[in-house]
Number of protein chains: 2
Amino acid sequence: MHDLLFDFISKYIALTDDEKNAIVSLDVFRSFKKGATLLKEGQKSNDGYFVLKGCIRTYYIIGGDEKTTAFYTEMEALTPHCVINKAPSEYYISCVEDTILIFSTPDMEAEMFSKFPKFESLCRILAEEFLAKQQINFDEFKTSSPEQRYLNLLQKRPDLIQRVPQHQLASYLGIKPQSLSRLRARILEKDKG
Amino acid sequence: MHDLLFDFISKYIALTDDEKNAIVSLDVFRSFKKGATLLKEGQKSNDGYFVLKGCIRTYYIIGGDEKTTAFYTEMEALTPHCVINKAPSEYYISCVEDTILIFSTPDMEAEMFSKFPKFESLCRILAEEFLAKQQINFDEFKTSSPEQRYLNLLQKRPDLIQRVPQHQLASYLGIKPQSLSRLRARILEKDKG
DNA sequence: TAAATACGTTCACTTAAGTTAAGAAATGAT
DNA sequence: ATCATTTCTTAACTTAAGTGAACGTATTTA
């Protein structure tokens, strides 16, 4: 299980055995069952998550129904907004599948950063990379129609369409579940004709 | 002019005079006229920008017309995607107003980081903070209608509605200029009635 | 200053998403 | 295995965004 993590990190920086041991000794690997809730609206938390295996999602409850806004799968990290701004969470986080996560807190990070400054470089690079990627995602979202967004998702993250319930995908695409159903029927119709 | 920058940085970390001088000696302040283009689609560049004064925007040209996807104003930083992934730019960047920017490159950053590790902390913190903020923005975008997005913008960044042409705002809101016009008329009508 | 260009609004029409409701299919729990 | 719940689809109707065009008003610029 640790190898998954070290293989990933090795793409960015080289780790000494000392550094690897420091990570292992933090003992931050945790398993969750499908449907388990990691964070609720209104809660305060200091936990950040790194997905080793499985899938988690963030969602709001607005006017009584769930709006899923993001999915995090293998090798993706999520530091909830409430950790950054030290306020109660605006959203929920739960597991879409059985999931293995690495937990982190600002304190743990601070300790690691001072012992191994290299880790702070890693975190900076990952944050900058993810930020640039997010910006492109947002740009694509703004400049395309729901149908284009669905087709785009089909290209870029076909796995998500398999692993995630339609009604969660719908809000991720910025539309209602009924509209997603209709839109898919429309696409099938076009393909036939 | 330097004070603007140091006041901002002091919110995150304390700088020694040595460190301040290191920044000043980089001599990275540059002025641009309204309309000036900083980056074009297809170009490669290593420049990141930090807005000291004014406003810049990123836009795509899709099917012949401009789609503005982001605005950066005072104390906001932009590292274009093409700098991160070392590929030609997918978008344009230009000045909405007369603007004063700080330029940076990965090389300059690397040098500063090795001389003053504190700067890497600052950049990590800024990146994480901006990432969390962007995620919330994206969430709000996904979970609201064009009209709600406009009203939300009116609350959160009323300055933008003043400083930016309507047709640029429209694509920023994910709609056509005509739809923005209509939507505004609709809101005025409601307010009256 | 005159002509050209760009910008914002309005209108009529088309297309697609939101809404409400009903029923079928899949999933989970006892 | 059965029942209950959740999920997905379909349909009819409403509402709003996309489209194409026209028009008036800045703003450029020749």
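Naming: A, B, ... by sequence-line order, numbering from 1 per chain. Because the structure is a prediction, the values reported are computed rather than measured.
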### Task
Tell me whether the OP1 or OP2 atom of D:dT6 has a side-chain N or O from A:His167 closer than 4.0 Å.
no
### Atom-pair distance (CD on A:Glu189; C1' on C:dA16), nearest Å
16 Å
### Task
Side chain of A:Arg184 only, please: which of D:dC8, D:dT9, C:dT9 is the nearest?
D:dT9
### Query
Could you state the CG-P distance from B:Leu180 to C:dC7, rounded to the nearest angstrom?
14 Å
### Query
ring-ring contact (aromatic ring centres under 6.0 Å, His included): which pairs involve residues 146-188 of chain A, sequence neighbours left out?
A:Phe71-A:Tyr172
### Query
In whole angstrom, what separates A:Gln148's CD from C:dT15's C1'?
14 Å
### Task
With axes from five pairs an end, tell me the bend angle of the helix from C:dT1-D:dA30 to C:dT30-D:dA1, nearest 10°.
60°
### Query
Does any residue of residues 65-72 of chain B have a heavy atom under 4.0 Å from DNA chain D, and if so, which ones, in number order?
none
### Query
When you look at B:Ser144 and B:Arg149, which way does the side chain to side chain contact (heavy atoms under 4.5 Å, CB included) test go after all the steps?
CA-CA 6 Å; B:Ser144 49; B:Arg149 299 201 283 257; 3.4 Å; yes
### Task
Flag the pair A:Phe113 / A:Phe119 as yes when their ring centroid distance falls below 6.0 Å, and as no otherwise.
no
### Query
Has B:Lys53 got more than 12 heavy atoms of other residues, nucleotides or ligands less than 6.0 Å from its NZ?
no
### Message
Between C1' on C:dT27 and CZ on A:Arg163, what's the gap in Å once rounded to a whole number?
### Response
20 Å
### Task
Fit a plane to each ring of B:His2 and B:Phe6, take the angle between them on a 0 to 90° scale, and name the class: parallel (under 30°), tilted (30 to 60°) or perpendicular (over 60°).
tilted
### Summary
Closest non-hydrogen atoms of A:Ile100 and A:Ser31, given as atom of the first, atom of the second and distance, are CG1-OG, 3.8 Å
### Query
Taking atom P of C:dG8 as reference, at what distance in whole Å does atom OH of B:Tyr150 sit?
12 Å
### Backbone N/O of A:Thr16 and side chain of A:Glu19: donor-acceptor pair under 3.5 Å
yes
### Summary
Between CD1 of B:Ile187 and C1' of D:dA17 the distance, given in whole Å, is 14 Å
### Query
Mind checking who shares a hydrophobic cluster with B:Ile61, ILVMFWY linked at side-chain heavy-atom distances under 4.5 Å?
B:Tyr59, B:Tyr92
### Message
Among residues at least two apart in sequence or on other chains, which ones pass salt bridge (charged side-chain N to carboxylate O under 4.0 Å, His left out) with B:Glu129?
### Response
none
### Message
Output one letter per nucleotide in nucleotides 17-23 of chain C: B when a protein non-hydrogen atom lies under 4.0 Å from the base, S when only the sugar-phosphate is that close, - when neither is.
### Response
BBSB---
### Message
Would B:Arg57 and B:Tyr72 count as a cation-pi pair here, with the cationic atom under 6.0 angstrom from the ring centre and within 45° of the axis?
### Response
no
### Aromatic B:Phe138 / basic B:Lys142 pairing, under 6.0 angstrom, 45° off normal
yes
